[in-house]
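To start, the structure under review is shown below, and the notes come after it.
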Amino acid sequence: MESSNINIVTASEKIERKTQEKIRRIQMKYLTSKLFSLIPPHHHQSTKEVLTKQDKIDAAITYIKQLKENIEVLKRRKEEVVAQDTCDDSKKSMPTTTCSIKSPMVEVRELDSTLEVILVSGLPKNFTLQEVIKIIEQEGAQVVSANYSTIDDTIYYMIHAQVKIARLGIDASRVHLRLQKLVC
């Protein structure tokens, strides 16, 4: 009688473990899908139609590394701008608006078939975001996202674009030159 009782307990434990494992796999699948959905589409486009779970995780890792690099670059740039903007004693007697006006800064980065444009400008700017997007599109890229934020007297633009025809590519230096002419 006791041996049959033990068999029933072990059988129910196996079913419980199988159920827990199934729930764990379903939860991992959900979390992987959720992580992958947070990555912008232009960062994970591939030749495959269906990506494996490993491909999705690799894409997320690559994207996170790119974001970390961008953060480091922007931190360094911020430190440079702050150091550049500190007015020396002779300029402190002038109004603060004179010290805070900066010349616009343009940075264009080409990453595979994507283009990243970073513009930093003072509030009294002589261009519109529409003009910037127009130049990028004239050069053969399609804008995927465009964000801006205003901090004090400075506007920061971050524009991501996808190359329309991948085999032709895009000349990032030409885009940089045209944007530099526009903002200066």
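Just so it is clear, the model here is predicted, and its values are computed rather than measured.
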Rounded to the nearest 0.5 Å, what separation is found between the [atom1] atom of [X] and the [atom2] atom of [Y]?
X	Y	atom1	atom2	value
Ile136	Leu179	CD1	CG	5.5 Å
Ile118	Asn147	CD1	CG	11.5 Å
Ser33	Lys53	OG	NZ	8.5 Å

Identify, with sequence neighbours excluded, every residue that meets side-chain contact (heavy atoms from CB on, under 4.5 Å) alongside [X].
X	value
Glu72	Lys75, Arg76
Phe127	Leu119, Ser121, Lys125, Glu131, Val132, Tyr157, Leu182, Val183
Leu177	Lys181

Open item on the list: Can a donor-acceptor pair be found, under 3.5 Å and without considering hydrogens, that links the side chain of His160 to the backbone of Thr114?
Closed with: no

Task: Any side-chain heavy-atom pair of Arg178 and Gln138 under 4.5 Å - done: yes

Task: Close side-chain approach of Leu67 and Tyr63, heavy atoms under 4.5 Å - done: yes

Task: Check ion pair Arg25-Glu21 (N to O, under 4.0 angstrom) - done: yes

Open item on the list: For the CD atom on Gln130, are there more than 12 heavy atoms of other groups (residues, nucleotides or ligands in this structure) within a distance under 6.0 Å?
Closed with: no

- [ ] Decide whether Asp152 and Thr154 meet the rule of one side-chain donor and one side-chain acceptor closer than 3.5 Å.
- [x] no

